[in-house]
Amino acid sequence: MFTPRARAAGVVAVLTVVTAACGAAPSTQQTTRASQGGVNAATATSAADFGGLDKLVEAAKKEGNLHVIALPPDWANYGEIIEKFQAKYGIKIESETPDAASADEINAVKTRKGQDRAPDVLDLGQSFAISGAAEGLFAPYKVQTFDKIPEGQKEPTGLWVNDYGGYVSIGCDAKQIKTCPTSFADLLKPEYKGKVAMNGNPTKAGSAFAGVYAAAIANGGSFDDIQPGIDFFKKLKDAGNYNPVETTPATIEKGETQISIDWDYNNAAYAPQMAAKGIDWKVNVPSDGKYFQMYAQAINKDAPHPAAARLWQEYLYSAEGQNLYLKGFARPVLLPAMTADGTVDKALAAKLPAVEGEPEFPTTEQVDAAKAKLAAGWDAAISG
């Protein structure tokens with residue numbers, strides 16, 4: 001993803017890929033796997049190309065493995081999603097470097113082409129999904145629910161498709177902080193000196209990038225103007241309130257990050273974890289800077305397990321997969337459609353952090369411009 005996602009170790013049974021294999025020779029198995037059963041899985045653009053979902057399942061089971069990267073078990077409920085997929089299909093998931101960033105995923109696609117240890121699928125921040133598609137790194141694929149996914153939340157041929165998202169939020173240890181902040185303006189108050197952290201560096205991390213974008217909106221900026229957000233964090237740093245420690249469950253538990261700007265699904269998921277440790281973790285979507293963004297799925301064009309990669313996509317965009325995202329407090333892309341057809345888990349939907357109004361989305365061009373502006377100005381703002 002477009003975020004470093006360092007998290008506490010989860011209980012999900014996944015395999016850690018041995019990094020000593022970095023110099024492994026390109027695999028010769030990919031072509032054989034791709035053509036199993038007379039179907040070229042590597043070029044299939046829908047389940048229909050296999051002869052239906054059951055045939056896709058057969059082809060994926062023959063491959064037997066799926067290699068994923070940058071999927072922390074406690075991020076958007078990926079731990080349970082991985083467990084349920086393995087149990088349902090008997091396909092072993094090799095989960096590598098869960099704390100990797102989107103840039104690392106893209107780099108793995110490029111440097112491991114032809115190797116068995118190349119990632120089959122990617123879960124990326126929006127800007128990396130768009131740039132990766134432009135570089136020709138992904139395979140077009142339309143899941144069975146593709147037509148239910150709103151326009152603007154997918155590349156028309158299925159090179160990338162948004163899967164889940166959330167709002168920028170402010171998490172707070174209410175036992176350590178007398179009054180938890182509910183806005184970006186609050187974060188500048190002197191009582192928060194040294195306490196305001198983010199989940200990563202905004203030039204590399206999607207959640208932190210979104211935090212700067214939300215701060216821009218809160219301070220007179222817009223999707224076309226992220227500079228007020230950069231200026232805000234300079235003020236935060238100059239006031240002594242900015243804490244450069246990247247938030248994880250461990251840093252919250254240790255009291256190192258008592259206030260954290262992060263996605264609402266991360267902050268909301270921390271709450272029950274921290275309650276068990278005696279920490280009262282409160283979550284607020286800032287009143288002055290509402291920003292919503294989604295992450296996207298993509299299939300590596302040179303996936304070593306192309307059928308399993310496509311089956312993984314089908315699972316994520318099924319009602320079961322989308323409700324599992326919802327269980328992790330993430331807002332699935334098919335939530336409107338599932339609400340309409342009755343397949344949404346209403347009890348889980350009711351637990352989402354409350355937000356008024358409908359989300360608005362920046363265009364591709366706006367995100368690219370904001371990313372460039374941030375890359376040019378962030379280090380100077382924070383280190384100056």
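Index from 1, following the sequence.
Smallest separation of non-hydrogen atoms from G221 and P228: CA-CG, 3.7 Å. For the pair A381 and K234, the tightest heavy-atom approach, listed with the atom from each and the gap, is O-CG, 3.5 Å. Residues I217 and G289 approach most closely at CG2-CA, 4.4 Å, considering heavy atoms. For A44 against F50, the heavy-atom pair with the smallest separation is CB-CE1, 3.4 Å. The shortest non-hydrogen separation linking L374 to I230 is CD1-CG1, 3.7 Å. Smallest separation of non-hydrogen atoms from A47 and E314: CB-OE2, 3.9 Å.
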Check your understanding: Would I149 and N162 count as a side chain to side chain contact (heavy atoms under 4.5 Å, CB included) if you check the C-alpha gap in whole Å, the side-chain angles of each, and the deciding distance to 0.1 Å?
Key -> CA-CA 8 Å; I149 296 168; N162 285 345; 5.8 Å; no
Practice item. Kindly determine whether V161 and V143 satisfy side chain to side chain contact (heavy atoms under 4.5 Å, CB included), including the steps that lead there. Key: CA-CA 9 Å; V161 183; V143 293; 5.8 Å; no
Review point. Should F138 and K301 be marked as a side chain to side chain contact (heavy atoms under 4.5 Å, CB included) after you check the CA-CA gap, both sets of side-chain angles, and the distance that decides it?
Key: CA-CA 4 Å; F138 307 148; K301 182 178 67 175; 5.7 Å; no
**Study point:** salt bridge (Lys or Arg N to Asp or Glu O under 4.0 Å) between E356 and K290, worked out
**Key:** CA-CA 9 Å; E356 294 182 2; K290 293 184 177 67; over 6 Å; no
**Study point:** Intermediate values then yes/no, salt bridge (Lys or Arg N to Asp or Glu O under 4.0 Å), E320 and K84
**Key:** CA-CA 10 Å; E320 180 178 349; K84 291 289 178 65; 5.6 Å; no
Exercise for review: Test K235 against D238 for salt bridge (Lys or Arg N to Asp or Glu O under 4.0 Å), laying out the working first.
Suggested key: CA-CA 5 Å; K235 290 180 182 178; D238 291 345; over 6 Å; no
Exercise for review: Please lay out, stage by stage, how Y295 and W263 fare under the test side chain to side chain contact (heavy atoms under 4.5 Å, CB included).
Suggested key: CA-CA 11 Å; Y295 283 85; W263 296 119; 2.9 Å; yes
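Side-chain atoms of Q86 come within 3.5 Å of backbone N or O of I93 as a donor-acceptor pair. D120 places no side-chain N or O within 3.5 Å of a backbone atom of A308 that could act as its donor or acceptor partner. E94 places no side-chain N or O within 3.5 Å of a backbone atom of V68 that could act as its donor or acceptor partner. Not one N or O on the side chain of H305 forms a donor-acceptor pair closer than 3.5 Å with the backbone of E63. Side-chain atoms of S46 come within 3.5 Å of backbone atoms of A48 as a donor-acceptor pair (strictly under, hydrogens ignored). In this structure, the side chain of D288 does not engage the main chain of S183 through any donor-acceptor pair within 3.5 Å. E155 contributes a side-chain N or O that, together with a main-chain N or O of G158, makes up a donor-acceptor pair within less than 3.5 Å. The closest donor-acceptor contact from the side chain of Q366 to the backbone of T363 lies under 3.5 Å. In this structure a side-chain-to-backbone donor-acceptor pair under 3.5 Å is missing from K61 to G90. The main-chain N or O of A60 is never found under 3.5 Å from a side-chain atom of R310 such that the two would form a donor-acceptor pair.
From L335, atom CG reaches atom OG1 of T343 across 9.5 Å, with rounding to the nearest 0.5 Å. Between the OG atom of S127 and the NZ atom of K371 there is a distance of 3.5 Å, given to the nearest 0.5 Å. Note that the CG atom of N300 and the NZ atom of K110 stand 12.0 Å from one another [nearest 0.5 Å]. With rounding to the nearest 0.5 Å, the separation of CD1 in I299 from CG in L137 is 13.5 Å. With values rounded to the nearest 0.5 angstrom, E191 atom CD is found 8.5 Å from I259 atom CD1. How far CG of N241 is from NZ of K189: 11.5 Å, rounded to the nearest 0.5 Å.
With 3.5 Å as the limit, one finds no donor-acceptor pair spanning the side chains of N267 and Y167. Defined by atom type and a distance below 3.5 Å, a donor-acceptor pair is missing between the side-chain atoms of S260 and D262. Between the side chains of T203 and N201, at least one donor N or O sits under 3.5 Å from an acceptor N or O. At a cut-off of 3.5 Å, with distance as the only test, a side-chain donor of Q293 or Y291 sits close to an acceptor on the other residue. A donor-acceptor pair shorter than 3.5 Å can be found between the side chains of Y325 and D163. In this model, no donor atom of one side chain and acceptor atom of the other lie less than 3.5 Å apart for Y141 and Q297. Side-chain atoms of E246 and T248 include no donor-acceptor pair closer than 3.5 Å.
Annotation: cation-pi pair K193/Y242 absent, no NZ/CZ under 6.0 Å from the ring centroid and within 45° of its normal. Both the sub-6.0 Å distance and the 45° axial angle are satisfied by K154 relative to the ring of F146.
Between Y78 and W312, the ring-plane angle classifies as parallel under the 30° and 60° cut-offs. Taking the six-membered ring where tryptophan is involved, the planes of F232 and F184 are perpendicular, since the angle between them exceeds 60° and thus also 30°. Taking the six-membered ring where the residue is Trp, Y213 and F223 present perpendicular rings, their angle passing 60° and hence far from 30°.
For the pair Y192 and P181, the minimum side-chain heavy-atom distance is below 4.5 Å. Counting only heavy atoms from C-beta outward, the side chains of N323 and M338 approach each other to under 4.5 Å. Residues P249 and M274 have side chains in contact (heavy-atom distance under 4.5 Å, counting atoms from C-beta outward). Looking at I226 and F209, their side chains come closer than 4.5 Å, going by heavy atoms from C-beta outward. Residues D173 and I252 form no side-chain contact, since every pair of their non-hydrogen atoms from C-beta on lies 4.5 Å or further apart. For the pair L122 and I69, the minimum side-chain heavy-atom distance is below 4.5 Å. Residues R117 and E96 meet the side-chain proximity criterion, which asks for heavy atoms closer than 4.5 Å. By the 4.5 Å heavy-atom criterion applied to side chains, D341 and K148 are counted as neighbours.
Of the listed residues (N243, N199, T251), just one forms a side chain to side chain donor-acceptor pair (under 3.5 Å) with T257, and that residue is T251.
The pair K327-E80 meets the salt-bridge criterion, since a charged nitrogen lies less than 4.0 angstrom from a carboxylate oxygen. The residues D264 and R331 are annotated as salt-bridged, a charged nitrogen and a carboxylate oxygen being separated by less than 4.0 angstrom.
For F329 and Y265, the ring centers sit 6.0 Å or farther from each other.
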